[in-house]
Number of protein chains: 2
Amino acid sequence: MPPALSPRKRPRQQRSTATVDAILDGAAHILESHGLEGFNTNAVAVRAGVSVGSLYQYFPGKDAVMAALIRRDARDFLSLTQDAAANDGAWTAALERLVDVAVAHQLDSPTLARILDFEEARLPLDPETSQAEDAMQRLIAEILRRAPGAQPAACAEAAADLLHIARALIDAEGRNPAPDRAGLKRRVLRAAFGYLAQPPPIEHR
Amino acid sequence: MPPALSPRKRPRQQRSTATVDAILDGAAHILESHGLEGFNTNAVAVRAGVSVGSLYQYFPGKDAVMAALIRRDARDFLSLTQDAAANDGAWTAALERLVDVAVAHQLDSPTLARILDFEEARLPLDPETSQAEDAMQRLIAEILRRAPGAQPAACAEAAADLLHIARALIDAEGRNPAPDRAGLKRRVLRAAFGYLAQPPPIEHR
DNA sequence: GTCTAATCCGATGAAAAGCTCACATTTGGC
DNA sequence: GCCAAATGTGAGCTTTTCATCGGATTAGAC
């Protein structure tokens, strides 16, 4: 039976939460610098400055570390997103802030972002992660509903599409050695507003 | 030293090219059904109905198998693309055919497509693959130049963006158990034509 | 039919990675 | 200070995967 994904033991003292954090930081660092190939429990433990044994105290296996990393990232990103989506001002301004946040977040560790995205599709994601994912999508849909002429029913679909589009463009730019943030932002906004302005094409028979 | 990526030996007889094909088919099948985790040389050989030894006759290591798979896929996709981009009719019709081809190709083996895409970012790609990639982008850019009011200089960037956007949307739909091809096509076209219709947003200071 | 080069085979060793466990150390409550 | 519970350690066992090599088999030229 493959090891489970949920944490093995909950840290009770302060030092152990520090250990868990160190492990996640170490994992993130290794993924960013050496990719999935370099990601193994021994390397993560060394990088985190703890022993493998400690790692296995809190995580039943390496996939559990990955799942925890995904969860943490989803949490962080949702939090940033919620700040950016504050309900004041024009909906276009909110969308721009959202793009800003996404660009900053994903371009900060482009390789890591890419890997987490990939792994998220493979791992059965825990409730908290999928909840965060849903919340983010609803948040975007809410903004889209503030657009004049928006069809409320179609906003969920549009939100999902916009998320995927933005991720893809940022991700591609992140593979460049010297990403052009301003140009990237311009292109993401162009794609987003273009998608929204475009009346859905007529279905062919 | 990690094994190289270029093929080790070129097949000379008919049966050996059949072996190489079987290996690539086996690899594709395993990636589609068991993902990257299931992808190891022994499993590929078994699935291909050959022995590991034969695999290593033609590939110096598993990454070489992956590289060959990526190369074959790029070749195939470029060929389909070239057919679809035939220079007759409206540019919009050509773009629609392109989307059709992309949807069909990528939705045929969604997991495989996703993995190849991911691995392409990791592996140093051989000349033929990057050449095919370039050709495809130029092909799309050519179509975009036929659009009225198109800025020829900006078409390369737009082509790259459209490729990424289409890939992302198809990929996302491919993760559904029952993809909705028609709806997907509609959304991809919406994103594409929307992007193209949208005047690039003004740069903020 | 014979001969040579090409191809194929798969047991087997080497290497890497996953994971455990017996024991050491630290913490916090009393 | 003392003690129980929590936490930390890392050598080393197990499992998985990579890759090779000596020898068997097959194809195609003559």
Side-chain angles (χ1 to χ4, degrees), chain A residues 1-27 30-31 33-69 115 119 122-123, chain B residues 1-27 30-31 33-69 115 119 122-123:
Chain A
M1 192 176 66
L5 296 187
S6 44
R8 172 169 281 176
K9 170 203 304 195
R10 186 154 283 278
R12 294 161 182 269
Q13 297 182 6
Q14 188 187 341
R15 63 174 168 157
S16 60
T17 67
T19 298
V20 169
D21 284 348
I23 291 170
L24 294 184
D25 291 346
I30 285 188
L31 287 172
S33 56
H34 300 339
L36 263 186
E37 318 84 83
F39 180 67
N40 62 65
T41 50
N42 291 290
V44 168
V46 168
R47 172 80 216 178
V50 304
S51 79
V52 241
S54 294
L55 187 154
Y56 280 97
Q57 292 250 334
Y58 302 102
F59 302 97
K62 75 180 227 167
D63 278 353
V65 177
M66 183 65 85
L69 209 49
I115 293 176
E119 290 288 274
R122 176 176 70 88
L123 265 26
Chain B
M1 193 176 63
L5 295 187
S6 45
R8 170 168 283 175
K9 167 202 309 195
R10 185 153 285 278
R12 294 161 183 269
Q13 298 181 4
Q14 189 189 339
R15 63 173 167 156
S16 60
T17 67
T19 298
V20 169
D21 285 348
I23 290 170
L24 294 184
D25 291 345
I30 285 189
L31 287 172
S33 56
H34 299 340
L36 262 187
E37 319 84 81
F39 181 68
N40 62 65
T41 51
N42 291 291
V44 168
V46 168
R47 171 80 216 180
V50 304
S51 80
V52 243
S54 295
L55 188 153
Y56 279 98
Q57 292 249 330
Y58 301 101
F59 302 97
K62 72 180 226 167
D63 278 353
V65 177
M66 183 64 86
L69 209 49
I115 293 176
E119 289 288 275
R122 177 177 69 89
L123 265 26

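Naming convention: chains lettered A, B, ... in sequence-line order (proteins, then strands); numbering from 1 in each chain.
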Roughly how many Å is it from CZ in B:Phe59 to P in C:dT7, rounded to a whole number?
13 Å
When you check the phosphate oxygens OP1 and OP2 of D:dG8, does a side-chain N or O of A:Thr19 lie under 4.0 Å from one of them?
yes
Would you say D:dA6 has OP1 or OP2 under 4.0 Å from some side-chain N or O of A:Ser16?
no
Rounding to a whole Å, what distance do you find between B:Tyr58:OH and C:dA6:P?
10 Å
Taking the nucleotide of DNA chain C with the closest heavy atom to each, which residue, A:Gly53 or A:Phe39, is nearer the 5' end?
A:Phe39
Rounded to whole Å, how long is the line connecting atom CD1 of B:Ile30 with atom P of D:dT17?
11 Å
Set of residues satisfying side chain to side chain donor-acceptor pair (under 3.5 Å) with respect to A:Asp21, sequence neighbours excluded:
none
Counting only heavy atoms and a strict 4.0 angstrom limit, can you tell me which residues of residues 44-52 of chain B come near DNA chain D?
none
Round to a whole Å and report the spacing from NE2 of A:His34 to C1' of C:dA16.
16 Å
Listed by chain and number, what are the side chain to side chain donor-acceptor pair (under 3.5 Å) partners of A:Asn42, not counting sequence neighbours?
none
I want to check one thing: is the phosphate of D:dC18, taken as OP1 and OP2, less than 4.0 Å away from some side-chain N or O of B:Thr41?
yes
Which part of the nucleic acid, if any, lies within contact of A:Ser54, taking any heavy atom under 4.0 Å across all strands shown: a base, the sugar-phosphate backbone alone, or nothing?
base
Tell me whether the OP1 or OP2 atom of D:dC18 has a side-chain N or O from B:Lys62 closer than 4.0 Å.
yes
Please find the pair of heavy atoms, one from B:Ile115 and one from B:Leu31, that lie closest to each other, and give the distance.
CD1-O, 3.6 Å
Nearest heavy-atom pair of B:Val65 and B:Ala27: which atoms, and what distance?
CG1-CB, 3.8 Å
Return the set of residues passing salt bridge (Lys or Arg N to Asp or Glu O under 4.0 Å) with B:Arg122 (not counting sequence neighbours), or none when no residue passes.
B:Asp63, B:Glu119
What integer distance in Å separates A:Gln14:CD from D:dA5:P?
22 Å
Going by side chain to side chain donor-acceptor pair (under 3.5 Å), name the residues that satisfy it together with A:Thr41, two or more places apart in sequence or in a different chain.
A:Tyr56
B:Asn40 side chain, from C-beta outward: closest of D:dC18, C:dC9, C:dC19
D:dC18
Heavy atoms only, 4.0 Å cut-off, all strands: where does B:Asn42 land among base, sugar-phosphate and nothing?
base
As a test of reading the structure: which of D:dA6, C:dG18, C:dC8 is closest to the side chain of A:Gln13, going by heavy atoms?
D:dA6
Please identify each residue that fulfils side chain to side chain donor-acceptor pair (under 3.5 Å) with B:Thr19, with sequence neighbours left out.
none
Quick note, A:Tyr56 side chain, CB onward, closest among D:dT20, D:dG8, C:dG18 is C:dG18
Rounded to whole angstroms, how far apart are CD on A:Gln57 and P on D:dA5?
16 Å
